[in-house]
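Reminder, nothing fancy here: chain letters follow the sequence lines and each chain counts from 1.
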Number of protein chains: 2
Amino acid sequence: MSSATRKPPDREEDLTARARIRDAAIDCFGQRGLNVPVRDIAERAGVSPALVIHHFGTKAKLLAACEDHVTRLIRETKTASVTDRDHRTVLHQMAEAEEFAPYMAFLFRCLQAGGDLARTLYERMAADIEAYLDAGVRAGTVRPSRDPRARAHWLAANSAGALLMFVTLREPGPDVDFRKVIREWTAEFALPALEVYSEGLLADRSMLDAYLLYVSDPPEEPS
Amino acid sequence: MSSATRKPPDREEDLTARARIRDAAIDCFGQRGLNVPVRDIAERAGVSPALVIHHFGTKAKLLAACEDHVTRLIRETKTASVTDRDHRTVLHQMAEAEEFAPYMAFLFRCLQAGGDLARTLYERMAADIEAYLDAGVRAGTVRPSRDPRARAHWLAANSAGALLMFVTLREPGPDVDFRKVIREWTAEFALPALEVYSEGLLADRSMLDAYLLYVSDPPEEPS
DNA sequence: CAGAATGCTGAACAAGCGTTTAGTCTGTTG
DNA sequence: CAACAGACTAAACGCTTGTTCAGCATTCTG
């Protein structure tokens, strides 16, 4: 008993105030954006604003700590759901899991705010999509592309950006329930997305051919 | 001569300080976002911050005045380019015209910031796209959809959102040259977009059919 | 037990922001 | 010419925000 009480609570790494602040920050950042005041984060964690700075030094460092934590959490459970049935981003896939919604909301806000983490996130999304599409091409479920990397980047920008647009346009306050957003999103746009992705949008290839003729160094046909 | 000098300069509505402030605000908002300080706008217009408030009462009202002015300018010249050859948004189409780039940048920032004007802008984009696609369907260049309105909204969210993502991810400072952005965008993504829109992304319709089977009230086939 | 270290707080500081105030200058009007 | 109205400004106010400071407990250490 004496040995149990003696050891500092640093080890368990959770339940400590530092962890409470970090979790509160992740929630606040995710729901209200990265410019949420430090005071609000402190209030949510049930501590004083000064303690937040005491533990993390700076709001920017707090944000970095949140990034680290979320990134680690995601990476640990990511491998399970990578090879799944649709091309949606990891962000989409995990957002519906009750437990991960706050983390997804946080990452989404990072993407929205730009900066280095946003670029990293975007690049990883694009890489994931490219890998997944490549697997699909080899399996015969996805059409080959003249420029697979560009296609993956275009799809990444479209997926993430459209979701960004969707959230930005919501009226009621800046508070966001990410699961609800994803649910509404799929309810509204699953059909047109599948339609265009399955059947295309244009009736013929004239515009594509015109473009291929126009570019100086046309990529070869994927046959 | 005396009658010419007597009339106040309010009539010509330009060259007056009020107009200079408005134009400076449009430029600043467009290049640096809607949260640019009033002081910076004033500096750019060559006046004191107090004069900005003196003329417009409030930063919010200044923004509203900018919205009004840009909206009117766009509406006046919009009819010319509505029926054009690709499905891109009005935003895309006009952004390449040297003269309109600042206004496009401003509207883009409004879209980015959310709020009522963003919703209006988005709805108008979606309506434009829907009308254009409908014309294409009747002309036989665009495939019909099971839900044309949803498809138009999806394309609007994708176009605007992807551009939003593209701008957000740019490293160097928040200053944005909108024409350059559009040029880079098309250089990078014209091919994959045309590819997917012309040939589709998925090799077969199995996912679409699965979805159509899944929804309780499946929309009818467009034949 | 003295003392150092750690967790934590209330209060204040400093900077950036939108806005107000009081007043100056200029040109027009009676 | 006196009076006034409008354009315009310097300075300051009030607010929010990130951060610092000085001090209070509590707990560990020698």
Side-chain angles (χ1 to χ4, degrees), chain A residues 1-26 28-29 31-67 109 113 115 173-174, chain B residues 1-26 28-29 31-67 109 113 115 173-174:
Chain A
M1 191 67 127
S2 63
S3 64
T5 54
R6 189 174 302 171
K7 80 171 178 200
D10 296 340
R11 284 291 165 78
E12 29 199 3
E13 185 63 24
D14 254 331
L15 252 162
T16 163
R18 188 188 152 96
R20 284 214 323 277
I21 294 172
R22 185 202 348 95
D23 290 348
I26 292 174
C28 287
F29 283 143
Q31 289 182 348
R32 302 173 46 192
L34 298 196
N35 44 10
V36 62
V38 173
R39 284 168 171 82
D40 292 13
I41 297 175
E43 191 184 8
R44 179 151 188 152
V47 301
S48 75
L51 189 62
V52 177
I53 262 54
H54 172 74
H55 275 302
F56 294 92
T58 272
K59 189 188 180 183
K61 289 183 190 167
L62 167 62
L63 177 62
C66 292
E67 293 174 357
R109 292 299 190 176
Chain B
M1 192 66 129
S2 63
S3 65
T5 54
R6 189 174 303 171
K7 79 171 178 198
D10 296 340
R11 286 290 166 78
E12 30 198 1
E13 184 64 23
D14 254 332
L15 254 159
T16 162
R18 187 188 153 96
R20 283 215 321 279
I21 293 172
R22 187 207 341 103
D23 290 347
I26 291 174
C28 287
F29 284 142
Q31 289 182 350
R32 303 173 46 194
L34 299 195
N35 44 9
V36 62
V38 172
R39 285 168 171 84
D40 292 12
I41 297 175
E43 191 185 10
R44 179 150 188 157
V47 301
S48 75
L51 189 63
V52 177
I53 262 56
H54 171 74
H55 276 302
F56 294 93
T58 272
K59 189 187 180 183
K61 289 182 188 168
L62 167 62
L63 177 62
C66 293
E67 294 174 358
R109 292 299 191 176

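Here salt bridge (Lys or Arg N to Asp or Glu O under 4.0 Å) pairs that include residues 38-50 of chain A, with residues two or more places apart or in two chains, are A:D27-A:R44, A:R32-A:D40. Each salt bridge (Lys or Arg N to Asp or Glu O under 4.0 Å) pair with one or both residues in residues 46-55 of chain A, not counting sequence neighbours, would appear here, but there are none.
Terminal axes of the helix from C:dC1-D:dG30 to C:dG30-D:dC1 (five pairs each, C1' rotation axis) are separated by 30°, to the nearest 10°.
Checked by atom type and distance alone, the side chain of B:R22 never pairs as donor or acceptor with a backbone atom of B:L62 at under 3.5 Å.
Atom CZ of A:R18 and atom NE2 of A:H54 lie 10.0 Å apart (nearest 0.5 Å).
With a 4.5 Å cut-off on side-chain heavy atoms, B:L63 and B:F56 do not count as touching.
Applying the side-chain contact (heavy atoms from CB on, under 4.5 Å) rule to A:V38 yields the partners A:V52, A:I53, A:K59; only residues at least two apart in sequence or on another chain are considered. For the side-chain contact (heavy atoms from CB on, under 4.5 Å) test, residues two or more places apart in sequence or in another chain that qualify with A:A45 are A:I21, A:A24, A:V47.
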Sugar-phosphate atoms are those with a prime plus P, OP1 and OP2; base atoms are the rest. Using that split, label each nucleotide of nucleotides 8-22 of chain C B, S or - for protein heavy atoms under 4.0 Å, 5' to 3'. BBB-B----BBBB--
